[in-house]
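Notes to accompany the following structure.
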There are 2 protein chains.
Amino acid sequence: MGARKQSSTYTSNEKYIVECDLTYAVNKIGGRWKILIISKLEKGKMRFGELKKEFPYITERMLTLQLRALEQDGLVKRTVYAEVPPRVEYELTEMAAAFGPIFQQLSEWGGKHRKLFN
Amino acid sequence: MGARKQSSTYTSNEKYIVECDLTYAVNKIGGRWKILIISKLEKGKMRFGELKKEFPYITERMLTLQLRALEQDGLVKRTVYAEVPPRVEYELTEMAAAFGPIFQQLSEWGGKHRKLFN
DNA sequence: TGGGGTACTAACAAAAGTGTAAGTAATGGG
DNA sequence: CCCATTACTTACACTTTTGTTAGTACCCCA
């Protein structure tokens, strides 16, 4: 969320790169946890705590950060219920659901080539 | 290259994550330059210097690093000709070529949703 | 002898990403 | 009043990624 420094090549490269639809798309799902989270949410709505249980070592901080980023990018919808203790549910947007078949193919690619290579 | 520290959760999370075929695949093409490089190479062999000209602000160091990583991962084949000045050519392997249709779809996703969202 | 061309490499520095540890708000139940 | 529960937030530290700058080897050609 912090303001971004405009220094040097780092930022201008970023601008150049984001012009590409392909890298734009990959950046949305980049990072350590996003695709895993999206995969879980493909099965339906989940609460924060449920998601947390799905990943043995993720910290609450990381989960929050990733979910916020996904929300910002329009991939996840967040619903807060005014209860105590709080209840928050996360679900995929249509935009994210459109990744489904692509993920499927990427996963197949991974499965096939991992064995050949490692 | 450098030895990896085995400390803490950072590494164990990495291990956990790489178990997933999907994240395995995405990691291969993650980072700032890899997909751009692969895209260029889809058109055919290129020399180091030619690739460099394709990207206005990439540094030689970065290009080298990315090409080395792609080579390590079996996505790019590197051919050195014993000439002076040196000549080195890079081309995609079959494994990388298999990304073609997936990249196409990701790119379409990017094109479509970028406009809707930003 | 000295420069030009190509594909690098090395040492360092900045930036982003990820993890650690502790704390917060709110309310119902004992 | 105190504690448990849930979904966070904050301040800090570590690790990886990306960029900066300068230099290398090699041989040909003038």
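Computed over heavy atoms, backbone and side chain alike; hydrogens, waters and symmetry mates excluded. Per chain, numbering begins at 1; letters A, B, ... match sequence-line order.
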Terminal helix-axis angle for the helix from C:dT1-D:dA30 to C:dG30-D:dC1, with five pairs defining each axis and rounding to 10 degrees:
30°
How long is the line joining CD of A:E50 and P of D:dT5, in whole Å?
17 Å
Looking across every strand, which nucleic acid part, if any, lies under 4.0 Å from A:Y90 by heavy atom: base, sugar-phosphate, or nothing?
sugar-phosphate
I'd like to know if the side chain of B:S107 reaches the main chain of A:D21, judged simply by a donor and an acceptor atom lying under 3.5 Å from each other, with no hydrogens or angles considered.
no
Using a 6.0 Å cut-off, check whether atom OH of A:Y16 has over 12 heavy atoms from anything other than its own residue.
yes
Tell me the interatomic distance from B:Y16, atom OH, to C:dG19, atom P, rounded to whole angstroms.
13 Å
Provide, to the nearest angstrom, the distance between the CD atom belonging to A:E89 and the P atom belonging to D:dC8.
12 Å
Hydrophobic clusters here meaning ILVMFWY residues chained together by side-chain heavy-atom distances under 4.5 Å, can you tell me if A:L51 and A:Y81 are in one?
no
Between P on C:dG17 and CD1 on A:I35, what's the gap in Å once rounded to a whole number?
15 Å
Does a nitrogen or oxygen in the side chain of A:R78 sit under 4.0 Å from OP1 or OP2 of D:dC8?
yes
Could you tell me how far apart B:K15 (NZ) and C:dT18 (P) are, to the nearest whole angstrom?
18 Å
Determine: side-chain N/O of B:R68 to OP1/OP2 of C:dC8, distance under 4.0 Å, yes or no.
yes
Base, backbone or nothing for each nucleotide of nucleotides 17-30 of chain D, written B, S, -, heavy atoms under 4.0 angstrom, 5' to 3'?
-BBB-----BB---
Starting from P on C:dG19, measure out to CZ on A:F55 and report it in whole angstrom.
12 Å
Using atom CD of A:E83 as one end and atom P of C:dG29 as the other, report the distance to the nearest whole Å.
13 Å
Are any of the side-chain heavy atoms of A:E71 and A:K77 separated by less than 4.5 Å?
no
Gap between atoms NZ and P, on A:K52 and D:dT5 respectively (whole Å):
14 Å
Does any part of the side chain of A:E42, heavy atoms only, come nearer than 4.5 Å to the side chain of A:F103, both counted from C-beta?
yes
Should the pair B:E50-B:K52 be classified as a salt bridge under the 4.0 Å nitrogen-to-oxygen rule?
no
Heavy-atom donor-acceptor pair, B:R78 side chain to B:E91 backbone, under 3.5 Å
no
Between the main-chain N or O of B:M95 and the side-chain N or O of A:W109, is there a donor-acceptor pair closer than 3.5 Å?
yes
Measure from NZ or CZ of A:K53 to the centre of the six-membered ring of A:F55, then state whether that distance is under 6.0 Å and the direction lies within 45° of the axis.
no
